[in-house]
Structures are given as C-alpha cells and as structure tokens.
Asks: 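Quick one: the structure is below, and I'll ask about it shortly.
Only this structure's heavy atoms are used, side chains among them; waters, hydrogens and symmetry mates stay out.
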Amino acid sequence: MKAYCDCDFYDFQSIESFWQTKWLEHKTFATEPISGGKKKYYVLDMFPYPSGAGLHIGHPEGYTASDILARYKRSCGFNVLHPMGWDAFGLPAEQHAILTGQAPDHNTTHNIEHFRQQILRLGFSIDWDREINTTDPDYYRWTQWIFLQLFKHGLAYVDEKPVWWCQELKSVLANEEVINGRSERGNHPVERKNLRQWVLRITAYADKLLENLNDLDWPESTKQQQIAWIGRSEGAEIQFDIEGHPDQISVYTTRCDTIYGTTYLVLAPEHPLLPKIVSKSHRDAVEHYITLTQQKSDLERTGLAKEKTGVFTGAYAIHPLTQRSIPLWVADYVLGNYGTGAVMAVPAHDERDFAFAKKFGLEIISVVHPNDSDINDPCTADIPFCNDGILYHSQEFDSLSSAQARQSITQHLESLGHGKASVQYKLRDWLFSRQRYWGEPIPILWVREEDYNKAVQLPDFYFREFIPQEPVSYQTAGITWVAIPLTSEQLPLQLPKVESYHPSDNGESPLQQAKDFCDVRIHIRTGEIQSQGHNEHGGDGWISARRETNTMPQWAGSCWYHLRYLSPKNTQALVDPKDLRYWGSPDFYIGGAEHAVLHLLYARFWHRFLFDLDIVQHPEPYPYLFHQGIILGEDGSKMSKSRGNIVNPDDIISAYGADALRLYEMFLGPLESMKPWSTHGIEGVSRFLKKVWRRILQEDGKPQNFAEKDEALMRSLHETIYKVTKDIEHLRFNTAISQMMIFVNEATQSPLRKDSAKILLQLLAPFAPHIAEELWHRLGEPFSIIHAPWPQSDPQYLNFPNSRIVIMINGKPRDEMEIPLDCSQDRAFELAKSREKIRPYLQGRGIPRIIWVPQKLLNLVLP
RNA sequence: GCCCAGAUGGCGGAAUCGGCAGACGCGUCGGACUCAAAAUCCGAUUCUCGCAAGAGAGUGAGGGUUCGACCCCCUCUCUGGGCACCA
C-alpha cells in the first residue's frame with residue numbers, strides 16, 4: 001500500500017479519500033485501553049437526527065470545532081474519546097413510512113448510512129467502534145431500563161389531564177414542544193385534549209435542577225432560559241373563607257404585602273370549587289363562560305389580544321385580615337394549572353388586576369406607595385404601582401417596607417391558620433408518552449386491579465423488581481387497570497411489526513393494531529408472557545394483561561447517550577462502572593442553542609436521577625457546554641428551502657475539499673456567533689491551502705529544497721505556535737487560522753527549514769487534517785501526524801531586548817521609538833524630547849505632565 | 001411588556017487588566033507574468049481635504065468618568081434570541 005497519495009498537484013479529492021480510508025482501516029482514532037494510565041479527554045457532539053435531507057452546513061461547524069479539540073488533545077498526549085451516534089427515533093422517519101408504506105427502520109437505516117458517509121467525507125477523528133443508535137434494541141433496552149427505574153421510584157405515573165394535542169401530527173406534545181400555540185416540529189396548530197398519559201415527575205427535581213446550574217460552565221443565556229423555564233417563585237398560600245359555604249379558597253401570591261388592597265378574588269374557569277360555590281342566580285352565566293373558555297384555543301386565551309374577560313359568581317369571600325366581604329369572580333386570565341388556580345386581586349398594585357377592575361368597575365384600594373414620592377391616587381392613575389414600596393392603609397403593618405411586610409404578614413396569617421409560605425414553579429411534569437409507532441415502547445403491562453392485588457401478595461411475584469410503593473393505575477369503562485413493569489431480563493421490549501403506521505384520530509397508538517403484541521397473558525410467578533391468540537393455557541398463575549401501546553418521546557434516547565459511548569457494547573449495564581470512573585463527564589460538549597430547555601433539561605433530569613441511584617458519580621451530565629452559532633445564508637437570512645439560499649456541504653466538498661470547508665467554517669468568525677456564509681470567502685482559505693502546498697512541495701510533488709537556517713522566521717514561528725495553541729484552548733479558531741496565514745505569508749518570502757515546515761503542518765493538522773497528513777508523509781514522517789507531540793513555543797524567540805513605544809502628545813500618537821525594555825521614565829522623556837517630530841510640540845509650552853506605561857507608551861500632556 | 005446577547009471599513013471579522021482601531025480574509029483598484037485568459041505574484045485600499053508632506057474626523061446615537069474609552073458608567077435607537085396574563 002502507498003504511504004501517501006502521490007499526486008503532483010493539490011488534488012484534494014484523491015488526498016482526502018486516501019487518508020479517510022487509511023484512518024478507518026488503521027482505526028487511528030480509536031480510544032486507547034483505559035488501563036493505559038493516560039489522562040483522558042472526552043469530546044462530545046450533540047448527536048444528529050439522521051433526517052432524509054442529509055447533513056446541512058451547520059453540522060460541520062460544531063463537528064469541526066470538536067474535532068479540532070480532539071485532534072489537538074491527542075497530540076498533547078491525552079487519551080481522547082470522540083464518538084458519534086444517531087438520535088434516530090422521531091416523527092420524520094415515521095411520516096416517511098406513512099407516505100411510502102416502508103417500515104421506519106428501513107428508512108432510518110438508509111438515512112444513517114447517508115449521514116455516516118457525509119460525516120466520513122469531512123475527516124472527523126471519530127472512534128467508529130463506539131457508534132450508537134437510539135433505535136437499536138440493544139440501546140433502547142437501557143432507555144427502557146431507566147424508565148423502569150423512574151417508575152419504581154414513583155417518578156413515572158399516569159394522568160388524565162388536558163394535554164397538548166396536535167391534530168396534524170396526531171400526537172400529544174410536551175409543554176417544551178409547543179411554541180406560541182404551535183408544534184415545535186412542523187409548526188402545526190395544537191389544542192387542549194383530555195387524554196390518559198404517562199408523565200415523568202420532573203417537578204420533583206425542580207430545586208436540584210435549579211441549584212446545580214450554578215456549578216455549570218454553560219453559556220449564561222442557556223442557564224437563564226432554564227432558570228426562567230423552571231420559574232421558581234417564593235410567596236404565600238392564603239386561605240379565604242367563603243360566605244355561607246364550608247369550603248375555603250386558597251390563593252397563591254408573591255405579593256402578600258399588598259393583601260390589604262385585595263378587593264376581589266378570581267378563580268380560573270377550571271377551578272374545582274367553582275360549581276359548588278356559584279350562586280343560583282349566576283349559575284347560567286358562569287357555566288356559559290366556562291364553555292366559552294373551553295372552546296377558546298390556548299392561543300386565543302393567552303395570545304397577544306389580552307382583553308380581559310370574566311363573570312361574577314354571585315359568591316363572596318371574607319378577607320382574612322379585615323373581615324370585609326369581597327366578590328368572587330371567574331376569569332380566564334387566571335390559569336388553572338399554576339399555583340392554586342385562584343388569585344387575590346389587588347388592582348392597585350397589579351397590572352392585570354388593574355385592567356380587569358377598570359373594565360368591570362371593581363374597587364381599587366392603594367396600600368403601597370413608592371419610597372420617595374407622595375401618594376398618588378391609584379383610582380385615577382393610568383397604571384398601577386407594581387414595585388415594592390412602603391405600606392399604608394394596612395393596619396399594624398403600616399410603614400413597613402414591602403419585603404418586611406411579606407414576612408410579617410405571612411407569619412401573621414399563619415398564626416391565624418389562614419396561610420403559609422409557599423414556593424411555586426412554572427415547570428410542569430414531563431409528558432412522556434406519544435401515540436406514535438417510531439419510539440421506544442413503554443415496557444409496562446396493564447392488569448386488572450383485582451388480579452394485581454392478588455399477585456403482589458405472593459412471595460414469589462415475578463414482577464416485583466420495579467414495582468413502585470404506590471401502584472400506578474387508571475380507570476376506563478368502569479375497570480381499574482394497574483401497571484406492572486417488565487423486569488430487566490425481559491428487556492428490550494421490541495417494537496412489533498404493524499400493518500399501518502397511521503396514527504388514529506382518537507389518541508390510540510399504531511401499536512394497538514398488533515394484537516399479538518397487545519393482548520397477552522402473563523404468569524405472575526414465572527414471568528412468562530404469551531399472546532392471547534394461541535396456547536390457551538388458563539390455570540394457576542396466569543392473568544390476562546394488555547400492553548401499554550404508547551411510545552416514548554424522541555428526547556428519551558438522548559437523555560443518557562453520553563454514558564453509552566463509554567461502554568457501547570456492554571450487555572450487563574447501561575454503562576460499565578470501570579469505564580465511567582475513567583471517562584467521567586464530557587470535558588467538552590457542543591451543540592445548538594435550540595436545545596436549551598428540551599434535551600438539556602431532560603438529560604439533566606435523568607442524569608441527576610441516575611446520580612441519586614448511585615449509578616453515576618457526577619450529578620450533572622455536561623459540566624462544560626458550548627453552543628456554536630448558526631450559519632446564515634449568503635443573503636444574511638436563515639437558510640431555508642423557500643428562500644433558496646441553502647448551501648449543501650456535499651457541493652462545497654466537491655468544489656473545494658473537506659479541509660477548505662472545515663477551515664472556512666472556523667475562519668468565518670467567532671464560533672458562538674451567527675454569521676453569514678460567503679462563497680467568495682471559502683476561496684480565500686482554499687488559496688491559503690494551495691499556498692501551503694506550494695511552500696512545502698515543488699511542482700513535481702517532491703519536497704522543496706529547504707533552507708539550512710531560517711533565523712528570520714523564528715520569532716514568527718514561535719509566536720504562531722504560542723498563539724495557535726492558546727487560541728485552540730480558548731476556541732478562538734478564527735484568529736488561530738489568521739496567525740497561520742500570517743506565518744505562511746512570511747514563510748513565502750523567506751528561507752524555511754524543514755523542521756519549521758513540519759511544525760506548521762502540525763499546527764494546521766487539527767484544522768485541515770488531510771492536507772497536513774499528506775504533506776507530513778511527503779516530508780518522510782511516520783503515520784500519523786496526530787501522534788507527533790504538539791510543538792512548544794520557545795520563549796527565547798518571543799522576548800526582545802528592546803520595546804517599541806508610542807509617543808503621544810495629549811493622547812494623540814505622534815511618533816514611535818525603540819528603547820530598551822528596562823528604560824526609565826526620565827530616560828524615555830529625554831529621548832522623546834529630542835526627537836524631531838516631538839520637539840515642535842514642546843517648544844514654549846511649559847513642562848508637560850508625563851504618563852508612562854513601560855514598554856507601551858509615553859504620553860505628554862501639555863498644560 | 002420582561003430577560004439575555006449584540007451593533008467596528010464596501011463585506012466577514014481583529015484589537016477588551018483602559019494604551020498606535022481596522023490584524024487576517026473577501027471584494028475593489030493598479031501593476032507583473034501571458035498572444036490572451038485562468039492560476040500565481042507584487043502594491044494600494046476607513047472617510048474627508050491635499051500633488052505631497054501632512055491635517056482633521058472616526059468603532060449604532062447622545063452624555064459622563066479618565067492624561068487616554070470599541071473597552072467602564074448613564075440614557076436612547078436598532079438587530080438577533082428567549083419568555084410572555086405564571087399572580
């Protein structure tokens with residue numbers, strides 16, 4: 001086999017495919033055994049969803065950045081793990097299946113193959129032996145296993161609640177998947193629907209997820225988004241008695257300092273007490289209003305048109321501190337699923353209450369005024385005073401600050417048995433089931449309650465392994481069904497074959513069609529599962545069961561994939577503890593900012609849960625996270641089919657080569673910024689690569705006759721080593737490339753030693769690995785360039801005896817001079833005074849004030 | 001409305017412990033090579049005035065601090081992202 005590609009010009013096509021083949025055959029980027037004792041470095045990319053459209057131009061951006069780091073760290077002597085895999089469950093493959101009738105796994109396999117080929121063409125230093133695929137039963141077996149652990153610990157339950165339903169996708173969606181009343185995928189309208197759903201109790205982790213954010217080295221904006229999404233607020237729950245009624249209304253408020261300004265209460269239309277307390281004369285109006293609200297889409301209800309609506313219930317509550325009677329209203333500006341679904345309205349100090357009170361002519365009482373101004377009459381003001389201030393009209397709490405009053409009033413209410421401090425979150429539990437085919441089957445069997453109760457009494461009940469303390473159950477058609485989890489040995493629960501992938505309109509999954517799969521009988525002592533259709537067994541120990549037919553959402557597989565890369569083939573555990581101890585957390589995690597509250601929140605939740613189970617050692621999955629910026633179209637707008645400004649990576653690779661594409665995406669600008677693509681721009685880096693080629697090889701492809709000495713280049717070379725190294729460490733790839741361009745420009749006009757040329761190739765190798773590897777071998781060096789130790793800059797070439805300083809007059813640069821490094825201020829002034837350009841400024845002007853910054857500047861400030 | 005990020009030549013972007021603004025690349029202009037073109041190489045390129053030497057202005061707008069501000073402070077405008085009746 002050839003040692004290198006052996007073309008006489010820079011034939012990037014042949015060179016790139018030559019080295020890609022060689023790297024693959026030699027497993028050049030396979031991790032070393034963990035027993036080797038080397039320090040580890042784990043570089044993780046957000047793995048792609050293998051869509052039918054193939055790689056887009058944004059993929060190589062993040063992947064090149066991580067690859068530069070991976071290659072650099074290898075040269076620095078680290079044992080590097082840089083894996084790749086496929087997040088392959090999800091709607092598009094299923095929609096393709098519906099259109100073509102082909103099984104989704106068929107299409108998925110095809111797409112993965114395409115993605116892999118495209119990624120291979122970019123020359124990333126990936127350990128392909130660790131490739132994972134979330135749709136592989138050997139992978140999703142462990143996704144199901146983690147679900148069962150959640151189930152066992154009471155964190156997975158079934159609920160029948162209004163949920164987001166997308167008629168177009170024929171599936172429910174999580175809160176996080178609904179954007180402005182439309183589906184995150186496909187931008188279809190969504191509506192509320194009551195359905196039985198699996199839900200994960202992520203709210204139980206709200207505080208942990210919030211607190212741990214402090215310890216993460218993440219982009220601040222992403223942390224802020226998660227903080228906002230979790231939406232913790234501290235306040236008080238306050239109980240209001242109802243006139244002539246035994247029940248109490250509990251409200252939640254963060255402003256209990258304004259309680260003396262409460263002039264009415266508002267219940268959400270969904271509030272369970274509403275039908276009980278509404279007065280006879282108002283019943284029709286209230287019922288009509290509730291119906292009206294239910295017909296409204298959520299967009300109408302919470303959308304931009306925020307005209308307040310509502311009706312009086314005819315009932316009155318009693319203010320717990322003043323004993324005043326205050327009217328009870330129902331209005332849809334109060335949400336049923338936040339807080340207690342009821343609020344105390346303080347129109348003087350809340351914009352929404354103010355607007356409502358104005359519209360319906362309700363009373364406005366001001367009880368807080370600003371620290372530093374007179375009291376305005378809030379009844380005539382245009383806007384309420386919503387800031388903290390000083391209390392008045394508040395009995396014994398007058399003249400307290402809002403913050404003091406919140407404490408005192410909460411305590412006072414508590415002593416009266418009318419309230420207590422309370423913490424609320426915006427975060428809702430994670431809706432975890434989908435009525436789709438192409439997802440992980442939920443490994444649950446449903447049995448009748450009476451069968452369940454008998455079974456759990458048995459000492460040898462087979463399914464005890466993942467049983468929760470409180471059974472999970474639901475009722476339908478008068479029958480109560482209880483969930484029985486599969487055991488570890490029964491995983492993976494594989495997707496059954498079905499005739500049609502069409503979802504139904506009624507929220508049933510396509511798995512429902514697979515009768516043999518759904519209708520089974522189980523043996524409660526042996527765990528044996530049979531389909532109902534054949535082998536009529538009957539008899540002792542057998543009970544009939546129905547499979548859960550919902551599947552998991554796409555986010556499930558990506559919640560723990562960072563762990564599977566560590567032991568991708570392990571059949572005993574999701575990750576081998578020995579591998580986990582060695583590799584730990586990813587040292588670098590890069591991906592798009594669009595996952596700020598989806599994948600990144602869900603994965604933190606699952607990982608933290610695994611931490612609490614003692615399965616992982618670090619509470620957070622991704623201690624260090626980076627978002628690459630979006631690459632826009634040449635016109636500066638987002639790339640899209642409709643704009644016709646999409647740049648296809650395959651075309652670029654064919655025209656300029658993978659090295660040029662990699663280099664260009666890194667040269668475009670800071671990694672984290674949004675930046676527009678430019679076809680002219682890539683020609684610039686392509687020229688640079690050709691220039692490197694010509695500086696190292698003659699026209700016949702043989703090495704140049706290198707110089708014996710290149711002292712003149714030494715400073716530039718060592719500055720380049722220094723700057724490229726520092727820039728890689730700080731992910732400033734654009735300026736690293738600039739520095740290499742500067743060096744090559746200088747080396748083009750000056751003698752160059754072979755050793756210096758080799759250093760240049762090493763610095764270039766992480767960015768443009770194919771050309772670097774090719775030239776490296778033409779200079780007679782052994783395979784592979786990444787095994788050569790990273791060059792060190794020699795300080796003797798960076799320090800000079802003299803410094804060039806700027807002389808300024810009144811802050812304006814007028815001259816410069818070279819002086820010794822240790823030059824004193826007086827000496828510098830003497831030298832400056834006598835200079836021709838400076839002398840005229842000083843004549844007849846008295847003694848200047850001198851600003852002296854050693855080694856930088858001398859500023860003479862004239863009186 | 002609220003939160004976060006940003007605004008620098010014709011274009012992408014450099015330069016932030018407060019110390020020569022415009023590195024590097026693109027584009028443009030001029031030149032070399034060529035019969036010619038491509039490729040390559042050399043030079044110029046923030047704006048205004050000037051033949052030049054040089055002078056003045058200049059980092060979204062306005063103010064402030066400082067000997068000195070793209071950088072720090074205040075106010076505003078615009079752009080991108082997120083949240084949005086969460087009491």
Asks: Between B:G22 and B:C74, how many Å separate the two C1' atoms, rounded to a whole number?
Replies: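 My reading of the C1' atoms in B:G22 and B:C74 gives 28 Å.
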Asks: Sticking with atom C1', work out how far B:G27 lies from B:G82, rounded to a whole angstrom.
Replies: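 Taking atom C1' in both B:G27 and B:G82, they lie 36 Å apart.
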Asks: Measuring from atom CD1 of A:Ile737 to atom CZ of A:Arg662, what distance do you get when rounded to the nearest 0.5 angstrom?
Replies: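 Going from CD1 on A:Ile737 over to CZ on A:Arg662, the span is 10.5 Å.
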Asks: Taking OP1 and OP2 of B:G13, is either one under 4.0 Å from a side-chain nitrogen or oxygen of A:Arg732?
Replies: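 For B:G13, neither OP1 nor OP2 has a side-chain N or O of A:Arg732 closer than 4.0 Å.
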Asks: Between A:Val861 and A:Leu668, which residue's closest nucleotide on RNA chain B lies nearer the 5′ terminus?
Replies: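 Nearest nucleotide further toward 5': that of A:Leu668.
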Asks: Side chain of A:Met808, heavy atoms from C-beta onward: which of B:C24, B:G19, B:G80 has the nearest atom to it?
Replies: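 When the side chain of A:Met808 is considered, B:G19 is the closest of B:C24, B:G19, B:G80.
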Asks: So what does A:Ser678 hit on the nucleic acid, given a heavy-atom distance under 4.0 Å: a base, only sugar-phosphate, or nothing?
Replies: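 A:Ser678: no heavy atom of the nucleic acid under 4.0 Å.
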Asks: Assign A:Ser233 to base, sugar-phosphate, or nothing according to its heavy-atom contacts below 4.0 angstrom with the strands shown.
Replies: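 A:Ser233: backbone/sugar contact only, no base atoms under 4.0 Å.
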Asks: Compute both the distance and the angle, then confirm whether A:Lys308 meets the cation-pi test with A:Tyr333: under 6.0 Å from the six-membered ring centre, within 45 degrees of the axis.
Replies: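 Yes, cation above the ring, under 6.0 Å and within 45°.
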Asks: Reading RNA chain B 5' to 3', what string of ( ), [ ], | and . shows its pairs, if Watson-Crick and G-U wobble pairs count only when both distances fall under 3.5 Å?
Replies: (((((((..(((......[....)))((((((.......))))))((((....))))..(((((..]....))))))))))))....
Asks: Which part of the nucleic acid, if any, lies within reach of A:Asn745 when heavy atoms closer than 4.0 Å are counted: base, sugar-phosphate only, or nothing?
Replies: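 Touches sugar-phosphate only.
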Asks: Could you state the atom-to-atom distance from NZ of A:Lys812 to C1' of B:A21 in whole Å?
Replies: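 One finds 13 Å between C1' of B:A21 and NZ of A:Lys812, rounded.
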Asks: Counting side-chain heavy atoms from C-beta on, which of B:G25, B:C85, B:G27 comes nearest to A:Glu683?
Replies: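 Of B:G25, B:C85, B:G27, B:G27 is nearest to the side chain of A:Glu683.
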Asks: Going by atom types alone, do A:Asp826 and A:Ser824 pair a side-chain donor with an acceptor below 3.5 Å?
Replies: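 No, because no side-chain N or O of A:Asp826 sits under 3.5 Å from a partner of the opposite role on A:Ser824.
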Asks: With RNA chain B as reference, determine whether A:Gly684 or A:Val806 sits nearer its 5' end, using the nearest nucleotide of each.
Replies: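 Result of the comparison: A:Val806.
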Asks: To the closest 0.5 Å, what do you measure between CZ (A:Arg814) and CG (A:Asn859)?
Replies: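 Reported to 0.5 Å precision, the distance equals 11.0 Å.
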Asks: Answer yes if the side chains of A:Glu363 and A:Tyr264 hold a donor-acceptor pair under 3.5 Å, and no otherwise.
Replies: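 Side chains of A:Glu363 and A:Tyr264: no pair found under 3.5 Å.
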Asks: From C-beta outward on A:Arg687, which listed nucleotide comes closest to its side chain: B:U40, B:G19, B:A57?
Replies: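 Selected nucleotide (nearest to the side chain): B:U40.
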Asks: Can you tell me which nucleotide in B:A14, B:G25, B:A55 comes closest to the side chain of A:Thr735?
Replies: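 So the nucleotide nearest the side chain must be B:A14.
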Asks: Could you identify which residues of residues 220-227 of chain A place a heavy atom less than 4.0 Å from some atom of RNA chain B, listed by residue number, or say none?
Replies: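 Heavy-atom cutoff 4.0 Å gives A:Ser221, A:Gln225.
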Asks: Taking atom types as they are modelled, is there a donor-acceptor pair under 3.5 Å from the base of B:C20 to the side chain of A:Lys856?
Replies: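 No.
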Asks: For residues A:Lys691 and A:Asn745, is any side-chain donor paired with an opposing acceptor at under 3.5 Å?
Replies: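 Short answer, yes.
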Asks: Counting only side-chain heavy atoms from C-beta out, which of B:A23, B:G13, B:G25 sits nearest to A:Pro676?
Replies: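 Nucleotide nearest to A:Pro676's side chain: B:G13.
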Asks: Counting only heavy atoms not in A:Lys638, do more than 12 fall under 6.0 Å of its NZ?
Replies: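 Result for NZ/A:Lys638: open.
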Asks: Do the ring centers of A:Phe9 and A:Trp693 come within less than 6.0 Å of each other?
Replies: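 A:Phe9 vs A:Trp693: aromatic centres not under 6.0 Å.
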Asks: Please state the C1' separation for the pair B:A39 and B:A52 - nearest whole angstrom.
Replies: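 Straight-line distance between the two C1' atoms is 37 Å.
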Asks: Taking atom types as modelled, is there a side-chain donor on A:Thr64 or A:Glu665 under 3.5 Å from an acceptor on the other?
Replies: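 Not at all, the side chains of A:Thr64 and A:Glu665 share no donor-acceptor pair under 3.5 Å.
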Asks: With sugar-phosphate meaning primed atoms plus P, OP1 and OP2, does A:Leu857 contact a base, only sugar-phosphate, or nothing at under 4.0 Å between heavy atoms?
Replies: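 Base contact - A:Leu857 has a heavy atom under 4.0 Å of at least one base atom.
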Asks: From NZ of A:Lys691 over to C1' of B:C41, roughly how many Å is that when rounded to an integer?
Replies: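 Atom-to-atom, A:Lys691 to B:C41, this comes out as 9 Å.
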Asks: Within the distance-only criterion (no hydrogens, no angle test), does the side chain of A:His349 pair as donor or acceptor with the backbone N or O of A:Val368 below 3.5 angstrom?
Replies: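 A pair under 3.5 Å: yes.
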Asks: Between B:C67 and A:Arg849, is there an OP1 or OP2 to side-chain N/O distance shorter than 4.0 Å?
Replies: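 Answer yes for this pair, as a side-chain N or O of A:Arg849 is under 4.0 Å from OP1 or OP2.
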